[in-house]
2 protein chains.
Amino acid sequence: MIDLRRLRLLREVHVRGTLHAAAEALGYTPSAVSQQLSVLEREAGAPLLERVGRKVRLTEAGQVLVVHADALLEGVDAAAAEVAAVSAGRLAGVVRVAAFQSAFLRIVAPTVAALAEQHPAIRVEATEREVEQGVPELRLHRLDVVVGDEYEDQPRAIHPELQREVALRERITIVLPAGHPLAAARRIRLADLADLPWAACQPGTGHHEMHLRACRQIGGFEPDIRYTSDDFLILLEMVRTTGAGALLPDLVVGFDPPGVVARPFASGGVGREVFLLTRRSRTPTVQAVVDGLVVAAGAAAPAR
Amino acid sequence: MIDLRRLRLLREVHVRGTLHAAAEALGYTPSAVSQQLSVLEREAGAPLLERVGRKVRLTEAGQVLVVHADALLEGVDAAAAEVAAVSAGRLAGVVRVAAFQSAFLRIVAPTVAALAEQHPAIRVEATEREVEQGVPELRLHRLDVVVGDEYEDQPRAIHPELQREVALRERITIVLPAGHPLAAARRIRLADLADLPWAACQPGTGHHEMHLRACRQIGGFEPDIRYTSDDFLILLEMVRTTGAGALLPDLVVGFDPPGVVARPFASGGVGREVFLLTRRSRTPTVQAVVDGLVVAAGAAAPAR
DNA sequence: GTCAATTGTTCAGTTATCGTGAACAGATGA
DNA sequence: TCATCTGTTCACGATAACTGAACAATTGAC
C-alpha cells in the first residue's frame with residue numbers, strides 16, 4: 001500500500017528539484033526524505049528518482065506517480081473538508097448531476113437555485129445528458145445523480161448497483177398551434193389528427209417510440225412524423241411556426257409557451273415517469289440534492 | 001493528514017458491520033482496529049462510528065468519509081498499476097480526450113485504433129466537445145487532452161497552466177455542389193459567389209466569424225448564410241442537396257464526400273490551425289497519446 | 001430469567017517504523 | 001584546488017502501531 005505522506009514527499013521533490021529543499025519545505029531532514037523515498041520506491045516497485053549531477057530528477061515512473069499523487073492529495077483535502085463541514089452540521093461537497101433537457105430546465109435549475117440558499121456549501125455541477133450516456137458515468141463515480149425519463153410500457157433495465165427513485169409522474173398532452181381548428185376543444189381525439197404532420201424526437205428515442213405507439217393504438221393511424229429533433233424547445237417552435245402537432249409531456253408545455261395550446265387526450269393517453277438514479281450508497285450531501293430534485297419536480301408538475 | 005490505511009479500515013468496517021470482522025479480514029486484532037479508528041476520528045476531527053447494540057454503525061461524517069475512501073483507495077490502486085506498467089517498459093493508464101466533431105472523426109478515431117495496437121495498456125476515452133467546454137474540465141483533471149481549432153486572425157487566449165501544441169495547419173476550401181457552373185474551375189474567385197446561399201456554423205462560433213470575414217474581405221460581399229449547424233456533416237449535406245455553398249477546412253472535405261467539390265480560393269484564402277491542449281505536466285502516457293494524435297493529424301491532412 | 005457467546009474498549013508491554021544527527025562520497029563552481 | 005553543495009548511509013533515540021489480556025455491554029439460546 002502506497003503511503004500518502006511519502007507521495008507528498010515525492011511531489012515536493014518534483015516541484016523543488018532537490019531533496020534538501022523538499023525536506024526544508026516539509027520540516028524534515030534530508031536524511032529522512034532520502035530514506036522515505038527509498039521506501040516509496042520499494043512500495044511502488046520501481047525506481048522513482050535518478051541523480052543528475054548533484055541534483056535529482058524523477059524517472060518516468062516517478063512522473064507518472066506524481067501525477068496520481070497530485071490527484072490523491074487533492075482528494076484527501078476534499079475529503080477532510082467535507083467531513084469537517086458535515087460534522088459541523090452543514091452539508092457540503094460537490095454533487096454532479098446529469099439531466100435530459102426539459103428536466104434540466106424545469107427541475108435541476110430550480111434545485112440549484114434553492115440549494116444555493118439552503119446549503120451554500122454544496123456545489124452542484126450540472127450537465128445535460130441522456131440517461132444512456134449518464135449511467136456508465138454514474139457507475140464510474142463521475143456523476144452522482146442522473147435524471148432520466150421513461151414512457152409508459154417502455155421500462156428501462158436498471159443496474160443492480162444503482163438506485164432508482166420516482167421524481168414525477170405526468171401525462172403526455174397533444175400540442176397544437178394556437179390557430180388550429182381543434183385548439184378550442186377541451187379534449188382532443190387523437191384520431192381526428194390523422195392527417196396532421198408531426199414533430200417528434202429522433203427515431204430510436206423513447207419519445208419517438210411512444211409517439212408511434214400512441215398514434216397507432218389510440219389514434220388508429222400511422223403518423224406523418226415530418227420533423228425530428230431531440231430538443232423539445234425546437235419541437236415546440238416547429239409546432240408554433242409550421243402548423244405541425246406534437247405529443248409532449250407536461251414538463252415541456254408547463255412553460256405555457258406562446259402560440260401553442262396543450263390539450264389532454266379525449267380518451268386513454270400516455271404517461272411518462274421522470275426518475276432519479278444514484279449509486280446505492282448515498283452520502284447525506286447527495287441525499288440532500290436528491291431531496292431537492294424531488295421537491296422541484298413536484299413544483300414543476302402542473303396541477304391537473 | 002488522513003492516513004490511507006485507516007481509511008481502508010473504515011471502509012472494511014462499513015462493509016462488514018463489525019470491528020472483529022474487519023480486523024479478521026485485514027489480519028489485525030480487533031484491538032488494533034479500535035485504536036486506529038480512534039486515531040482516524042482525531043484526524044478527521046469528527047466522530048465516525050456509533051455503537052448500536054453490540055455492533056457499530058457509521059455516523060453521517062463516517063459515511064461521507066467512506067465514500068471518499070473508496071475513491072482514494074481506487075486511486076492508489078490505479079496509480080500503483082500504472083507505475084508498474086510504465087516501469088515494465090510499456091505505457092498504461094487512462095487518457096481522456098475531447099475533440100470537436102471533424103477532429104474526432106479524422107484524428108481521434110484513427111489514433112485510438114493505432115494506439116490499441118501500439119500500447120494496448122493505454123485506455124483512451126474520447127468525447128465530442130468544443131474547446132470552450134473542454135478547457136475547464138482539462139484544468140479540473142477530468143480531461144487530459146483537448147483538441148481544438150482556431151481560424152486565422154482569431155487567436156484564442158490560452159491559460160498559463162496549459163500547454164498548446166499545433167497538430168495541423170490547413171487551408172479553408174470553397175465547397176460547391178457538383179452541379180454548380182463553377183465546379184469545373186480549378187480555383188474559384190469568392191467574389192463570383194456573391195449571390196450563393198451559404199451553409200455555416202452557428203453565429204458566435206469561430207467558423208461563422210471566419211465565414212463572414214472571408215466573404216467581406218476577400219469576396220467583397222455580405223454572405224447570405226441561410227443554413228446554420230455546428231455539425232460539419234450536416235453542412236456538407238446541405239451543400240449537396242440544396243445547392244448552397246460552404247467554406248470548409250480540408251479536414252472536413254478530406255472525406256471526398258460524393259456530390260460536392262472542394263476548390264481552393266483563387267487568391268488569398270483563410271487558414272485554420274488544429275491544436276492540442278494539455279496540462280503542462282504530461283505523463284509519458286499522455287505524451288504517447290499526444291504523439292499519436294499529431295501523427296494522425298499529419299496523415300489526415302490531404303496533400304496539396 | 002440465566003448464562004455463554006459475541007461485541008467493542010482499555011491498558012500495559014512489545015515491536016516496528018520514523019526521525020535525527022553525524023560521517024561519507026560524488027559533483028560543482030569559484 | 002578546495003570549499004560547498006548535493007544525496008546516501010548508519011546507529012540510535014522517539015514515536016507510532018500492534019498484540020494479548022482484562023473488562024463492560026449486549027444478544028440470543030436454554
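As the structure is a computational prediction, the values presented were derived from the model and not from experiment.
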Between C/dT17 (P) and A/Leu40 (CG): distance, integer Å = 15 Å
In sequence, state the C-alpha distance, the side-chain angles, and the governing distance for A/Glu50 and A/Lys55, and then conclude on salt bridge (Lys or Arg N to Asp or Glu O under 4.0 Å).
-> CA-CA 9 Å; A/Glu50 53 190 1; A/Lys55 298 205 164 189; over 6 Å; no
Can you check whether B/Asp149's main-chain N or O pairs, donor with acceptor, with B/Arg156's side chain at less than 3.5 Å?
-> yes
For atom CZ of A/Arg42 and atom P of C/dA16, their distance in whole Å | 14 Å
Nearest-Å distance, CG (A/Leu49) to C1' (D/dG7)?
-> 10 Å
Evaluate salt bridge (Lys or Arg N to Asp or Glu O under 4.0 Å) for A/Glu43 paired with A/Arg6, printing each intermediate quantity in order.
-> CA-CA 10 Å; A/Glu43 287 177 340; A/Arg6 291 193 253 264; 2.9 Å; yes
Within the structure, does a side-chain N or O atom of A/His20 lie under 4.0 Å from either OP1 or OP2 of D/dG7?
-> yes
Would you state whether a donor and an acceptor, one from the side chain of B/Gln35 and one from the base of D/dT19, lie under 3.5 Å apart?
-> yes
Sugar-phosphate, base or nothing in reach of A/Ser31, heavy atoms under 4.0 Å | base
What's the closest nucleotide to the A/Arg5 side chain, out of D/dG7, C/dG19, C/dT9?
-> C/dG19
Per nearest nucleotide of DNA chain C, the residue lying toward the 5' end, A/Tyr28 or A/Gly53, is A/Tyr28
Value in whole Å for how far the P atom of C/dT7 lies from CG of B/Leu37 | 16 Å
Which one, D/dG7, C/dT20, C/dG8, comes nearest to the side chain of A/Ala32?
-> C/dT20
In whole angstrom, what separates B/Arg16's CZ from C/dT7's P?
-> 13 Å
Is B/Arg54 near enough to C/dA5 that one of its side-chain N or O atoms lies under 4.0 angstrom from OP1 or OP2?
-> no
When you get a sec, tell me which of D/dT8, D/dC18, C/dT7 is the closest nucleotide to the side chain of A/Ser34?
-> D/dT8
Distance, rounded to the nearest Å, where A/Leu4 contributes CG and C/dT17 contributes C1' | 17 Å
Rounded off to whole Å, could you give me the CD-to-P distance for the A/Gln36 and D/dG7 pair?
-> 16 Å
OP1 or OP2 of D/dT19 sitting under 4.0 Å from any side-chain N/O of B/Thr29?
-> yes
Donor-acceptor pair, side chain of B/Glu165 and main chain of B/Thr278, under 3.5 angstrom | no
Residue from A/Val94, A/Val112, A/Thr285 passing side chain to side chain contact (heavy atoms under 4.5 Å, CB included) with A/Arg123 = A/Val94
A/Leu9 CG to D/dG7 C1': how many Å, rounded?
-> 14 Å
